[in-house]
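Within every chain, numbering begins at 1; the chains are lettered A, B, ... in the order of the sequence lines, protein sequences first and strands thereafter.
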There are 2 protein chains.
Amino acid sequence: MPDLAQRYDLRAELARRGVRLTRQRRVLVEVIQHATRHLDAEALWRQGQARDANLNLATVYRTLALLKQHGLVDELDLMHLEGEKHYYEVSRAQSHLHLACFRCGRIEEFQTEEFEKLQQLVEQTCGFAIKTGRLEFGGVCRQCRERA
Amino acid sequence: MPDLAQRYDLRAELARRGVRLTRQRRVLVEVIQHATRHLDAEALWRQGQARDANLNLATVYRTLALLKQHGLVDELDLMHLEGEKHYYEVSRAQSHLHLACFRCGRIEEFQTEEFEKLQQLVEQTCGFAIKTGRLEFGGVCRQCRERA
DNA sequence: GTATTTGCAAAAGCTTTGCTGCAAC
DNA sequence: GTTGCAGCAAAGCTTTTGCAAATAC
């Protein structure tokens with residue numbers, strides 16, 4: 001998960017919107033902001049508990065719902081590589097896509113101008129105002145192909 | 001759901017692959033093939049029951065798993081507009097994307113050469129062999145924008 | 001006749017909700 | 001002091017699984 005710089009600053013964005021910053025929200029926002037891989041709700045919960053042992057999984061879900069509503073985190077499926085969980089990441093100014101390798105399970109990110117252009121094309125052609133989007137591919141990554 | 005012509009012929013494809021064509025599979029394949037909107041497992045089940053009253057929901061899921069394995073149907077989330085269900089559609093030669101309107105709930109499809117090109121770019125740049133993919137946007141459709 | 005598939009019911013996995021007490025401002 | 005949030009436990013919803021009986025070839 002590169003390009004930390006262009007991710008939103010969750011804490012600042014919440015403050016800017018006048019959202020109450022409770023202890024649990026501060027903890028979770030901290031965990032999500034500095035995640036080094038894609039985390040599901042349970043992983044966020046476990047990492048959050050390191051900072052607040054009483055943190056509850058329901059609170060994790062409620063906080064994620066809040067962040068999603070404000071467009072500050074994106075929810076991913078990652079091609080359902082490991083069941084039906086969802087994964088979360090901080091939204092970015094530039095959109096990017098995800099590649100899920102069916103063989104090794106690795107998740108790759110890829111950012112390209114062409115994806116931005118495609119979105120603009122959709123907005124213009126369909127008259128559709130895009131609020132959020134998700135592009136995921138499943139297949140076999142370079143390493144696994146070379147290994148085979 | 002236009003362009004019925006370019007969708008795979010499920011029954012023929014299964015026969016071609018030597019997959020056993022049971023009564024239930026025939027019924028379900030028929031339902032999916034001629035669906036006029038995106039159906040979730042329960043909707044498929046209800047429509048299938050019209051043709052075989054004993055059809056079981058578990059069989060629906062097992063058949064969908066089979067079709068997915070063979071790359072004959074695609075699984076969609078449609079931006080989780082109505083909970084966490086999945087929707088299914090017959091795969092096509094040309095890929096297309098889905099637009100989900102958060103206001104009216106309508107699902108639009110859009111096919112463009114640019115999406116194909118983006119996939120080729122990803123394959124070439126990342127060395128990733130794409131087996132399946134999914135591009136979904138959530139936002140506000142033209143009608144809802146004009147109405148507002 | 002043999003191997004697969006089905007129905008049924010139960011379980012599993014992830015997420016949401018009702019309620020009471022606690023925390024934020 | 002008021003308003004909204006957190007914890008807990010229970011329920012909800014979609015999907016999967018084990019197993020005996022039925023079906024396909």
- Query: Do the side chains of B:Leu39 and B:Gln47 get nearer than 4.5 Å, heavy atoms only?
  - Reply: yes

- Minimum-distance nucleotide (side-chain atoms of A:Asn56 versus D:dG7, C:dT5, D:dG4): D:dG7

- Query: Rounded to whole angstrom units, what separation is found between the NZ atom of A:Lys85 and the P atom of C:dA12?
  - Reply: 16 Å

- Look at the side chain of A:Arg25 and decide which nucleotide, out of D:dA6, C:dT15, D:dT14, has an atom nearest to it. D:dA6

- Query: DNA chain C: B:Arg23 or A:Ala65, which has the more 5' nearest nucleotide?
  - Reply: B:Arg23

- Task: Could you tell me the separation between the CG atom of A:Leu28 and the C1' atom of D:dC5, rounded to a whole number of Å?
- Result: 13 Å

- Query: Phosphate oxygens OP1/OP2 of D:dA24: is one of them under 4.0 Å from a side-chain N or O of B:Gln24?
  - Reply: no

- For C:dG7, take OP1 and OP2 only and decide whether either is under 4.0 Å from a side-chain N or O of B:Thr59. yes

- Task: Check every strand shown and say whether B:Asp40 touches a base, only sugar-phosphate, or nothing at a heavy-atom separation below 4.0 Å.
- Result: nothing

- CG of A:Leu66 versus P of D:dA6: gap in Å, rounded? 9 Å

- Query: Given C:dG7, C:dA24, D:dA24, which nucleotide is nearest the side-chain atoms of B:Arg20?
  - Reply: D:dA24

- Query: Given D:dT14, D:dA6, C:dT15, which nucleotide is nearest the side-chain atoms of B:Tyr61?
  - Reply: D:dT14

- Task: Give the cluster check for A:Leu78 versus B:Val122: same hydrophobic cluster or not, with ILVMFWY residues linked at side-chain heavy-atom distances below 4.5 Å.
- Result: no

- In whole angstroms, the gap separating C1' of D:dA6 from CG of A:Leu64 amounts to 15 Å

- Item | 4.5 Å side-chain heavy-atom contact, A:Leu28 and A:Leu55 | yes

- Of all the nucleotides listed (C:dG18, C:dT6, D:dT17), which has the minimum atom distance to the side chain of A:Arg62? C:dG18

- Note on the structure: From CG of A:Leu76 across to C1' of C:dC14 the rounded distance in Å is 16 Å

- Would A:Arg17 and A:Glu13 pass as an ion pair if we require N to O under 4.0 Å? yes

- OP1, OP2 of D:dA6 versus side-chain N and O of A:Thr22: anything below 4.0 Å? yes

- Query: To the nearest Å, how far apart are A:His86 NE2 and D:dT15 P?
  - Reply: 11 Å

- Item | Nearest-Å distance for atom pair CZ/C1', residues A:Arg26 and C:dA23 | 11 Å

- Query: Looking only at atom types and distance, does a side-chain atom of B:Arg145 sit under 3.5 Å from a main-chain N or O of A:Gly127, one as donor and one as acceptor?
  - Reply: yes

- Message: Closest approach to the side chain of B:Ala58, judged atom by atom: which nucleotide of D:dC5, C:dA3, D:dT17 is it?
- Response: D:dT17

- Message: Return whichever of B:Glu84 or A:Asp52 has its heavy-atom-nearest nucleotide of DNA chain D closer to the 5' end.
- Response: A:Asp52

- Whole angstrom is fine here: how far is it from CG in B:Leu57 over to P in C:dA11? 18 Å

